[in-house]
Amino acid sequence: MSIDIETARRVAKLARIRVEEAALPELARGLSGILGFMEQLNEVDVTGIEPMTSVTPMRLKRRADVVTDGDIQAQILKNAPDAREGFFAVPKVVE
Amino acid sequence: MTDLNQLTIAEARDLLRKRAVTAVDLTMACMTAMDAADGLNAFVHKTPEIALEQARAADARLASGAAPAMCGIPLGIKDLFCTKGVPSQAASRILNGFRPEYESTVTQKLFDAGAVMLGKLNMDEFAMGSSNETSCYGNAVNPWRRGNDTTPLTPGGSSGGSAAAVAADLCLGATGTDTGGSIRQPAAFTGIVGIKPTYGRVSRWGIVAFASSLDQAGPMTKTVRDAAIMLGAMAGEDAKDSTSAAIAVPDFEAALTGDIRGKKIGIPREYRMDGMPAEIEKLWADGAAMLKDAGAQIVDISLPHTKYALPAYYVIAPAEASSNLARYDGVRYGHRAKLAQGDGITEMYEKTRAEGFGPEVQRRVMIGTYVLSAGFYDAYYNRARKVRALIKRDFELAFAAGIDAILTPATPSSAFGLGEMADADPVQMYLNDVFTVTVNLAGLPGVAVPAGLDAKGLPLGLQLIGRPWEEGDLLNHAHVLERAAGFVSKPGKWW
């Protein structure tokens, strides 16, 4: 499966990574190479095999549904590039 | 007497407990070595104040009597571990300036046991790489060289800083993480020991996530005994990581009896790759002979789906990474791009991630996005997960047939030169993990043990793969191999 420039543009968009127009052909070539490597998986007979979902047989644990922390607003905002009045600040989302 | 920084963890523990040395002196010796080794670019954030404070506390604890084995032992911590108040940025520009408000479970457990943190160690960005060349801090450099040739070599990756620091005696041990071989490959490239434990043995809480069904943390040390001691302090169930197993942590050091008589060692024929260097083939055969001399039985086995492990890995790991790395959006922590007039939130995401992620991380996030996208999910991701089930079954059948451990080479070559792979296809770099990646896919424990030098004078390692939760037995096999191989070489100091 080879990736064309349009697909590369779409993947970059889905991944929310800006790729300049001039860099798209190189990106498409790189992705195609890696996908070509993955084509080998088509040689394997996977009839009747369930996709692996758990690395070790285990039931996911549940914890009690209780509050375990809180009142740490300052800590949560400490690393924010832009925090104002107790909130994370971002560019305007709604016109 | 050797310099204190050259001690093993076991030697230092015994001297500390006898009060023949102090944790402060030991820590000072390591800090002196660390400060003189900037040419290796292993330590990227040094924490001397924290180290000395922890060392003084360790001395007080040692003076009062019973102290855990790791009490007063100076360590390096891979930059992937969140350490409270100390830069923790997974070697990525996108986490520039990030200082966690919390401590990872592994570092907390090590500190509770009295260990001393010297600083944070270089690595590949988000642990994606096999040569430490994708780091935002620049390359870490292998203390080993090809004889008198001064070409700088890779320490391997992704835990390249950890490997370089331990091999150069800057610290007594280091934490590493392993998603496809990131503990074992750098350990082999630098002549040290590294173990990736069973998936679920060590809590992943507070470790920056790469591929959650594959990531495990483990120790990187100078000897197998040290790995057993340090793993004991890192392991255990953690309420904060729902994948950490409710299985008791045994005394791994006590398992090092040196007796493997009657054990069955599997030699998987599929690991004999076309074009395998003769030196690697010989090392492997020598290793098997050593285990046989120790009374083990050598058995040829087949792991028929081995060939498909790398392509399956390079579907599954990027898929999980694309999901895990979605959190780096410039809102809650780390880097945010400067925005132009009129830029909205989408531009903020796209510019931030383009500036913050390096090329290899971008490539993997986009591959992961593609294989998870509508229309391709079944063809790539689900197929890879089915192949993964078959790879795991190969191992289960071998163990069900009575195999105790599997012996393979750790890497297809010795350390290569920094920059030598720059023009290669990304897939060529991925081949570094060909012997290690199966172990992550199957969730098994695997250990790299230094076993010899190649003709260029560089270390080569062998890998032993064990049954799930049997790290003690696995380390005992590694201990026998280590003793028989008698690897004592150290890199000549040039830095």
Side-chain angles (χ1 to χ4, degrees), chain A residues 1 3 7-8 10-20 23 27 30-31 33-63 68 72 74-83 88-95, chain B residues 97-101 198-200 213 239 242-243 245-246 305 307-308 310-312 314-315 322 329-336 339 343-351 353-354 357 362-363 365-367 369-371 373 380 382-390 392 425-427 430 443 468:
Chain A
M1 176 95 194
I3 300 244
T7 308
R10 191 170 59 86
V11 170
K13 185 79 196 167
L14 284 171
R16 296 290 183 272
I17 297 174
R18 167 157 303 210
V19 178
E20 298 306 329
L27 174 64
L31 297 183
I34 295 169
L35 288 171
F37 177 61
M38 293 170 180
E39 294 297 311
Q40 293 176 64
L41 294 176
N42 294 325
E43 299 166 13
V44 185
D45 181 3
V46 292
T47 318
I49 304 295
E50 284 298 310
M52 190 165 145
T53 49
S54 177
V55 187
T56 48
M58 59 159 63
R59 183 184 289 260
L60 267 190
K61 287 170 269 187
R62 296 176 183 184
R63 69 164 176 85
T68 55
I72 51 170
Q75 274 172 271
I76 286 171
L77 293 173
K78 184 86 179 290
N79 280 288
D82 188 2
F88 294 107
V90 295
K92 195 159 73 173
V93 179
V94 183
E95 287 301 321
Chain B
F98 177 56
R99 287 171 187 260
E101 289 289 306
T198 313
Y199 182 81
S213 77
S242 62
T243 65
H305 296 90
K307 179 185 167 196
Y308 303 106
L310 260 189
Y314 276 98
V315 174
S322 74
D329 54 8
V331 175
R332 288 157 297 164
Y333 29 67
H335 177 74
R336 177 187 291 189
L339 301 180
D343 277 352
I345 195 156
T346 303
E347 286 80 10
M348 184 193 76
Y349 295 150
E350 291 181 349
K351 288 183 177 179
R353 289 161 66 81
F357 292 146
Q362 292 194 21
R363 179 155 46 228
V365 167
M366 285 195 262
I367 281 285
T369 302
Y370 180 78
V371 299
S373 63
Y380 289 103
N382 261 345
R383 175 166 281 268
R385 289 197 302 154
K386 289 176 185 175
V387 173
R388 183 177 182 184
L390 290 169
K392 183 161 186 261
D425 191 82
V427 172
Y430 299 167

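Worth knowing before you read on, the calculation uses all heavy atoms, side chains too, and leaves out hydrogens, waters and symmetry mates. Protein chains get the first letters and strands the later ones, always in sequence-line order, with residue 1 at the start of each.
For B:Val427, the part lying under 4.5 angstrom from a heavy atom of chain A is the side chain only. Heavy atoms closer than 4.5 Å to chain A are found in both the backbone and the side chain of B:Met366. Heavy atoms of A:Ala89 lying under 4.5 Å from chain B belong exclusively to its backbone. With a threshold of 4.5 angstrom between heavy atoms, A:Thr53 approaches chain B through its backbone and through its side chain. For a residue to count as touching a neighbouring chain, one of its non-hydrogen atoms must lie under 4.5 Å from one of that chain's; by this rule A:Arg62 does not touch chain B. For B:Ala239, no part lies under 4.5 angstrom from a heavy atom of chain A. Heavy-atom distances place the backbone of B:Asp343, and not its side chain, under 4.5 Å from chain A. Residue contact with chain A, scored on non-hydrogen atoms closer than 4.5 Å, involves the backbone and the side chain of B:Lys307 alike. Within the 4.5 angstrom heavy-atom criterion, only side-chain atoms of A:Phe88, from C-beta onward, approach chain B. Only the side chain of B:Leu339 comes within contact range of chain A, judged by heavy atoms closer than 4.5 Å. For B:Ser242, the parts lying near chain A are the backbone and the side chain together; criterion is any non-hydrogen pair under 4.5 Å. Of the atoms belonging to A:Gln75, heavy atoms from both backbone and side chain fall under 4.5 Å from chain B. For chain A, no part of B:Asp425 is nearby; none of its heavy atoms comes within less than 4.5 Å. For A:Asn42, the parts sitting under 4.5 Å from any heavy atom of chain B are the backbone and the side chain alike. Only the side chain of A:Leu27 comes within contact range of chain B, with heavy atoms under 4.5 Å apart.
Considering only heavy atoms from C-beta on, B:Phe357 comes within 4.5 Å of A:Ile17 through its side chain. Side-chain contact check for A:Leu77 versus B:Glu101: every heavy-atom pair is 4.5 Å or farther apart. Residues B:Arg385 and B:Tyr380 are not in side-chain contact: their nearest non-hydrogen atoms beyond the backbone lie 4.5 Å or more apart. Proximity of A:Pro91 to B:Glu347: side-chain heavy atoms (C-beta onward) are nowhere separated by under 4.5 Å. In this structure, the side chains of B:Thr243 and B:Tyr199 come closer than 4.5 Å at one or more pairs of heavy atoms.
Highest contact tally toward chain A, considering only B:His305, B:Arg332, B:Arg388, is held by B:Arg332 [criterion: heavy-atom pairs under 4.5 Å]. For the options B:Val365, B:Asn382, B:Ile367, heavy-atom pairs under 4.5 Å to chain A are most numerous at B:Ile367. Taking B:Ser213, B:Pro426, B:Gly200 one by one and counting their heavy-atom pairs under 4.5 Å with chain A, the maximum is reached by B:Ser213. The candidate with the highest count of non-hydrogen atom pairs below 4.5 Å against chain A, out of B:Ala312, B:Ser322, B:Ala246, is B:Ala312. Contacts with chain A were tallied for B:Arg353, B:Gln362, B:Lys392; B:Arg353 has the most, counting heavy-atom pairs under 4.5 Å. Per-residue heavy-atom pair counts under 4.5 Å with chain A were compared for B:Ala245, B:Gly344, B:Gly443, and the maximum is reached by B:Gly344. Each of A:Ile72, A:Leu41, A:Val11 has some count of heavy-atom pairs under 4.5 Å with chain B, and the biggest count is that of A:Leu41. When the candidates A:Val90, A:Thr7, A:Ile76 are compared by the number of heavy-atom contacts under 4.5 Å with chain B, A:Val90 comes out ahead.
Heavy atoms of other residues, nucleotides or ligands lying less than 6.0 angstrom from CD of A:Glu50 number 12 at most.
Counting only distance, with no hydrogens or angles, the side chain of B:Arg336 and the backbone of B:Gly330 share a donor-acceptor pair below 3.5 Å. Without hydrogens or angle criteria, B:Arg383 side chain to A:Val44 main chain gives a donor-acceptor distance under 3.5 Å. The backbone N or O of B:Asp329 sits nowhere less than 3.5 Å from a side-chain atom of A:Arg16 that would complete a donor-acceptor pair. For the pair A:Glu39 (side chain) and A:Gly36 (backbone), a donor-acceptor distance under 3.5 Å is absent.
Between the CE atom of A:Met38 and the OH atom of B:Tyr314 there is a distance of 9.5 Å, given to the nearest 0.5 Å.
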**OP:** Check the pair A:Arg10, B:Ser373 against side-chain hydrogen bond (donor to acceptor under 3.5 Å, both in side chains), reporting the backbone distance first and the verdict last.
**Re:** CA-CA 10 Å; A:Arg10 191 170 59 86; B:Ser373 63; 4.8 Å; no
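Partners of B:Phe98 under the ring-ring contact (aromatic ring centres under 6.0 Å, His included) rule, at least two apart in sequence or in another chain, are B:Tyr333.
When all heavy atoms of A:Ala12 and A:Val19 are compared, the closest pair comes out as CB-CG2, 3.7 Å.
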